[in-house]
Amino acid sequence: MKNKISEQDLLKIIKNTLDDSALQLEPYATHRLQQARQKALLPAKRDHKIQWAGAFAISLLVFVLFWHGKPEPALQMEDLLDDELILSDDNQDLIMNLDFYSWLESTENQG
Amino acid sequence: MVKISLTASIELGTLNQQPSLNSFLKSIEKRAYKITEFAIHDRDEALDLVQNAMIKLVRSYSGHPESAWTLLFYRILQNEIRDWKRKARVRGLFTFAEDQVDWVEDKGLHSHPDRIMEQDSLNQRIHWAIRQLPLRQQQAFLLRNFEGLDVQQTATAMSCSEGSVKTHYSRAVIFLREQLAGEDL
């Protein structure tokens, strides 16, 4: 083959073969991919644990405010919202992928 | 409250983007699956990883411009593959005996092309050759040749330098040339 075919032709043949195999995926894989897509496009559901933690925190706050009789709802509610935002999936993702985000920022700046 | 409204508007944006996200995922899913399956040699696990990447893209980056989705998707998918490989390696330490059997069977399938020569097609030979590539060479080759990313895009998706991509790619091409030498192309 070395003498028969150029590198460019070889790459073209490989590409065509791979393209064909992707188009002729077995029905099982095609079906699973379709399901995966549908699942990904469903509106994101919040983590139940975080919801319960939030509900517990709000109950605790209401209890403490009621007990002390000095409610400062605006400030404390804002703190609570901040905590909730920190606990959200997106922000955990942010913390865990800081380098990825800095890459994103740099590409956005270039664009 | 402003933050809450912002979150709501992002979610609304995601909903508005759904038709184009659906088209995007549909256009990329089969190649993404093939690329993943080449890397981990497991159909169901590959399908799971592609699904994870889809979910992460939609939840975290659907607000980004459509032009960025391909790179973001493959960046996520490459991370998924890397994590899966790491976990598989750790699992291998504890389930050695079980894996050894799989490994022997795997070697039997992938290391002796002559065994499948009789019923072999060019398709199978090419698939076999690509499976033999080291992971980084394989992924660089597939992202460049199959997905059609350029060097810079591949480097971004693989979190490495452009120089590394060029090296991986050229080594992969040399290897494939050698492996497919003698084939009636």
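Computed over heavy atoms, backbone and side chain alike; hydrogens, waters and symmetry mates excluded. Chain letters run A, B, ... following the sequence lines, proteins first, then strands; residues in each count from 1.
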Distance (rounded to the nearest 0.5 Å) between B:Lys26 NZ and A:Leu41 CG
11.5 Å
Linking I/L/V/M/F/W/Y whenever their side-chain heavy atoms sit closer than 4.5 Å, directly or via other members, would B:Phe175 and B:Val165 fall into one cluster?
no
Quick one: CD on B:Glu29 to CZ on A:Arg37, what's the gap to the nearest 0.5 Å?
4.0 Å
Within one Ile-Leu-Val-Met-Phe-Trp-Tyr cluster: B:Ile126 and B:Tyr33, side-chain cutoff 4.5 Å:
yes
Can you tell me how far CD1 of B:Ile55 sits from NZ of A:Lys39, rounded to the nearest 0.5 angstrom?
5.0 Å
From A:Thr17 atom OG1 to B:Arg125 atom CZ, the distance as rounded to the nearest 0.5 Å:
13.0 Å
Heavy-atom check, side chain of A:Glu26 versus side chain of B:Arg43, under 4.5 Å:
yes
Any side-chain heavy-atom pair from B:Asp48 and A:Arg32 closer than 4.5 angstrom?
yes
Heavy-atom proximity to chain A below 4.5 Å, by part of B:Asn52:
neither
Is the count of non-hydrogen atoms from other residues, nucleotides or ligands lying under 6.0 Å from A:Lys12 atom NZ greater than 12?
no
Looking at B:Asp44, B:Val50, B:Leu57, B:Ile130, which makes the most heavy-atom pairs under 4.5 Å with chain A?
B:Asp44
Shortest non-hydrogen separation from A:Ile5 to B:Arg177 and the atoms involved
O-NH2, 3.2 Å
Tell me, do B:Leu142 and A:Leu18 make a side-chain contact under 4.5 Å, heavy atoms counted?
yes
Hey, quick one: are B:Leu49 and A:Tyr28 part of the same hydrophobic cluster, counting side-chain heavy atoms closer than 4.5 Å, chains of contacts allowed?
yes
Starting from the C-alpha separation in whole Å, work towards a yes-or-no answer on side-chain contact (heavy atoms from CB on, under 4.5 Å) for A:Leu11 and B:Phe141.
CA-CA 10 Å; A:Leu11 294 176; B:Phe141 179 80; 3.6 Å; yes
d(A:Ser21 OG, B:Lys30 NZ) to nearest 0.5 Å is 11.0 Å
For residues B:Val58 and A:Ala40, report the shortest heavy-atom separation together with the two atoms involved.
CG1-O, 3.3 Å
Taking the side chain as every heavy atom from C-beta outward, state whether B:Phe146 and A:Ile14 have any pair of such atoms under 4.5 Å apart.
no
Heavy-atom distance under 4.5 Å between the side chains of A:Ile13 and B:Leu180, does that happen here?
no
So CD of A:Glu7 and CG of B:Leu176: to nearest 0.5 Å the spacing works out to 10.0 Å
What part of B:Phe38 lies closer than 4.5 angstrom to a heavy atom of chain A: side chain, backbone, both or neither?
side chain
Set of residues satisfying salt bridge (Lys or Arg N to Asp or Glu O under 4.0 Å) with respect to A:Lys15, sequence neighbours excluded:
A:Asp19
Within the structure provided, determine whether A:Leu25 and B:Lys34 are in side-chain contact (heavy-atom separation under 4.5 Å).
yes
Atom CZ of B:Arg136 with >12 non-hydrogen neighbours under 6.0 angstrom
yes
Should B:Leu135 and B:Ile40 be regarded as members of a common hydrophobic cluster, given that ILVMFWY residues are connected when their side-chain heavy atoms come within less than 4.5 Å of each other, either directly or indirectly?
yes
